[in-house]
A.B. asks: 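Supplied in structure tokens, the structure appears directly below.
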Amino acid sequence: MRSFALFLAVSIVFVSCGSADKPDVSGVDVGKVHIERFDTAFFNIDSNDIISGLRRLDREYPWFTPDFVENILGAAEPLTDTSRIAFAATRQFLITYLGVSDSLKQKYPRLDWLESELQRGFRFVKYYFPQYKLPQRAVAFVGPFDGPGVAITSNALAIGLQSYAGRNFPFYLTGKGQDLYPQYVSRRFEPEYITANCLNAIAQDIFPDSSDGRPLIDEMIIKGRYLWLAGKLSPDLPDSIRTGYTKAQLDWCAGNEAAVWNFFLQGTDLYTQDPDIIKNYIGEGPKTLGMPDAAPGNIGAWVGWQIVRKYASAHKDLTPAQMMTLPVRSLFEAAKYKPK
């Protein structure tokens with residue numbers, strides 16, 4: 001599979017009126033987005049006749065069934081007529097998650113609203129990156145709770161509905177559920193996050209994350225660029241949905257921007273490569289250690305976002321493709337970020 005998400009052209013297709021921040025993409029042709037319901041077809045399999053059911057499913061969805069069984073269910077062997085591990089894994093999952101599937105069928109009886117949102121998002125992707133090959137298909141599935149909420153395969157954009165069952169879905173509130181997804185993560189397991197997560201996965205498919213093992217400031221800028229790009233690909237969505245921070249967290253960060261940056265300058269080595277230090281500022285967390293309780297986790301990415309915004313505001317002639325491929329350190333130094 002191309003990529004999972006819990007995600008090069010330098011020319012731009014110009015269309016009619018719009019603003020620099022929100023161009024008019026109504027004339028950008030991306031075809032009609034239709035989400036196929038693999039989830040329904042899969043859970044219609046008779047658990048007492050797995051072999052016939054999987055064969056039928058593979059004939060109907062040959063472009064996704066092998067990915068689902070091998071990569072999402074983790075069968076660890078190619079799907080063939082003699083795949084005993086695949087058959088056993090499928091039967092076990094089918095029986096165990098049938099109740100989950102029934103709940104999600106009630107929550108998501110139709111996905112036409114999501115098709116419309118994705119179609120608009122795809123237009124922005126095509127507008128800014130016309131050479132990028134958008135997923136040919138979109139498909140909904142129900143996978144294990146530790147499986148991906150979005151996956152980009154060789155043929156499809158796949159959406160794991162188990163990751164959008166609602167913040168109060170019973171499993172998320174259990175001890176095992178909280179171990180997998182603490183409340184500060186599971187609060188985002190709502191329908192309104194699906195489109196943003198799909199577009200973020202596409203962004204990382206276009207620009208694979210290169211932040212691992214780099215100094216703190218580099219990781220901050222790289223993560224911040226994804227947040228900046230999210231604003232380009234989904235300008236209709238509020239920042240709280242695109243970025244994953246709550247509105248209260250965003251308000252606190254904006255109101256304390258200078259103090260937060262001063263904290264990094266005086267209390268942290270921006271060029272450290274210590275993974276424990278970097279983890280405190282980059283990645284999921286209920287808060288940032290060493291800062292007030294109101295400071296959210298992943299605050300380093302928020303600061304990186306502000307640095308990128310500062311640079312972008314002074315270089316409006318650069319396309320998103322150029323912004324996303326600028327040398328990280330050059331961007332940081334040229335931004336001359338000094339919030340007041």
Side-chain angles (χ1 to χ4, degrees), residues 3-7 114 117-118 121 124-125 145-152 157 159-169 172 177-209 211-212 216 219-257 260 278-289 291-309 324:
S3 65
F4 288 98
L6 198 222
F7 353 222
L114 180 56
E117 289 188 7
L118 287 176
F124 282 103
V125 174
F145 283 117
D146 60 353
V150 176
I152 298 181
L157 173 67
I159 301 163
L161 296 179
Q162 79 286 343
S163 293
Y164 306 100
R167 70 186 68 193
N168 293 320
F169 190 73
Y172 300 150
Q178 285 294 294
D179 286 343
L180 270 176
Y181 304 112
Q183 191 171 9
Y184 58 84
V185 175
S186 62
R187 68 171 180 79
R188 302 195 300 268
F189 288 2
E190 297 287 349
E192 57 265 32
Y193 288 90
I194 299 177
T195 298
N197 289 349
C198 288
L199 294 173
N200 287 340
I202 288 174
Q204 293 200 32
D205 193 43
I206 301 172
F207 303 103
D209 192 336
S211 60
D212 283 353
L216 173 60
E219 293 207 25
M220 290 166 64
I221 299 295
I222 291 170
K223 301 298 186 184
R225 280 203 291 208
Y226 286 122
L227 297 180
W228 175 84
L229 183 58
K232 295 292 186 182
L233 301 184
S234 53
D236 302 323
L237 297 178
D239 285 344
S240 58
I241 299 298
R242 287 197 303 255
T243 65
Y245 303 105
T246 66
K247 185 179 183 304
Q249 289 171 335
L250 289 170
D251 289 345
W252 185 90
C253 289
N256 294 275
E257 184 175 359
V260 169
I278 292 174
K279 184 179 178 180
N280 186 44
Y281 302 116
I282 300 290
E284 298 282 8
K287 56 172 289 184
T288 298
L289 296 178
M291 291 188 179
D293 288 345
N298 202 28
I299 199 168
W302 184 87
V303 173
W305 180 28
Q306 308 318 303
I307 295 171
V308 173
R309 291 173 69 183
M324 293 298 292

A.B. asks: With distance as the sole test, does Q162 use its side chain to make a donor-acceptor pair with the main-chain N or O of P148 at under 3.5 Å?
C.D. replies: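 Checking the backbone N and O of P148 against the side chain of Q162, a donor-acceptor pair under 3.5 Å is found.
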
A.B. asks: Should we say atom CD of E190 is surrounded by more than 12 heavy atoms from elsewhere, each under 6.0 Å from it?
C.D. replies: yes

A.B. asks: Hey, what do you get for OG1 (T288) to CG (N280), rounding to the nearest 0.5 Å?
C.D. replies: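 Going from the OG1 atom of T288 to the CG atom of N280 covers 6.0 Å.
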
A.B. asks: Any chance you could measure D212, atom CG, to I278, atom CD1, to the nearest 0.5 Å?
C.D. replies: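 These two atoms lie 9.5 Å from each other.
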
A.B. asks: Going through the checks in order, is the side-chain contact (heavy atoms from CB on, under 4.5 Å) test met by V185 and L180?
C.D. replies: CA-CA 9 Å; V185 175; L180 270 176; over 6 Å; no

A.B. asks: Nearest 0.5 Å, please: how far is OH in Y193 from SG in C198?
C.D. replies: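 Taking SG in C198 and OH in Y193, the distance rounds to 14.5 Å.
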
A.B. asks: Minimum heavy-atom separation for P235 to F124, with atom names?
C.D. replies: CG-CZ, 3.4 Å

A.B. asks: Any donor-acceptor pair under 3.5 Å linking the side-chain atoms of Y164 with those of N197?
C.D. replies: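 Side chains of N197 and Y164: pair found under 3.5 Å.
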
A.B. asks: Are P296 and I299 close enough that some pair of their side-chain heavy atoms sits under 4.5 Å apart?
C.D. replies: yes

A.B. asks: Evaluate the side-chain proximity of L229 to L199: yes if any heavy-atom separation is below 4.5 Å, no if none is.
C.D. replies: no

A.B. asks: Taking the six-membered ring for Trp, are the ring centroids of F189 and Y172 within less than 6.0 Å of each other?
C.D. replies: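 Yes, the ring of F189 comes within the 6.0 Å limit of the ring of Y172, centre to centre.
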
A.B. asks: Which is it for Y281 and N298 under the side chain to side chain donor-acceptor pair (under 3.5 Å) test, yes or no, and what are the steps along the way?
C.D. replies: CA-CA 5 Å; Y281 302 116; N298 202 28; over 6 Å; no

A.B. asks: If we ignore hydrogens and angles and just use 3.5 Å, is the side chain of Y184 paired with the main-chain N or O of K287 as donor and acceptor?
C.D. replies: no

A.B. asks: For residues 241-250, which residue pairs pass the salt bridge (charged side-chain N to carboxylate O under 4.0 Å, His left out) check, not counting sequence neighbours?
C.D. replies: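 Of all non-adjacent pairs touching residues 241-250, those that pass salt bridge (charged side-chain N to carboxylate O under 4.0 Å, His left out) are D239-R242, K247-D251.
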
A.B. asks: Do I206 and V125 have side-chain heavy atoms sitting under 4.5 Å apart?
C.D. replies: yes

A.B. asks: My understanding is that only residues two or more places apart in sequence, or in another chain, count here; which of them pass side-chain hydrogen bond (donor to acceptor under 3.5 Å, both in side chains) with Q178?
C.D. replies: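 Not a single residue meets the side-chain hydrogen bond (donor to acceptor under 3.5 Å, both in side chains) criterion with Q178.
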
A.B. asks: Please report the interatomic distance CG(L227) to CZ(R225), rounded to the nearest 0.5 Å.
C.D. replies: 12.0 Å

A.B. asks: Please report the shortest heavy-atom distance between A196 and L237, naming the atom on each side.
C.D. replies: CB-CD1, 3.8 Å

A.B. asks: Which heavy atom of W305 sits nearest to which heavy atom of L250, and what is that distance?
C.D. replies: CZ3-CD2, 4.1 Å

A.B. asks: Looking at D293, I want to see if its CG is surrounded by more than 12 non-hydrogen atoms of other residues, nucleotides or ligands under 6.0 Å.
C.D. replies: no

A.B. asks: Where the side chain of Y226 meets the backbone of D209, is there a donor-acceptor pair that is under 3.5 Å apart?
C.D. replies: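 Judged by distance alone, yes, a pair lies under 3.5 Å.
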
A.B. asks: Once rounded to the nearest 0.5 Å, what's the spacing between atom OG1 of T195 and atom CG of L233?
C.D. replies: 12.0 Å

A.B. asks: With a 4.5 Å cut-off on side-chain heavy atoms, are T246 and S240 touching?
C.D. replies: no

A.B. asks: One thing to verify: whether E284 and R188 come together as a salt bridge, which I'm taking to mean a side-chain N less than 4.0 angstrom from a carboxylate O.
C.D. replies: yes

A.B. asks: Return yes if some donor-acceptor pair links the side-chain N/O of Q249 with the main-chain N/O of A295 below 3.5 Å, else return no.
C.D. replies: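 A pair under 3.5 Å: no.
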
A.B. asks: Measure across G147 and S163 and return the closest heavy-atom pair with its distance rounded to 0.1 Å.
C.D. replies: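 Of all heavy-atom pairs spanning G147 and S163, the closest is O-OG, 4.0 Å.
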
A.B. asks: Parallel under 30°, tilted from 30 to 60°, perpendicular over 60°: which one fits the rings of F169 and F145?
C.D. replies: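 Rings of F169 and F145: tilted, as their planes differ by 30° to 60°.
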
A.B. asks: Calculate, to the nearest 0.5 Å, the distance between atoms CG and CG belonging to L157 and L118 respectively.
C.D. replies: 6.5 Å

A.B. asks: Show the nearest heavy-atom pair for residues N256 and W252, with the distance to one decimal.
C.D. replies: ND2-O, 2.8 Å

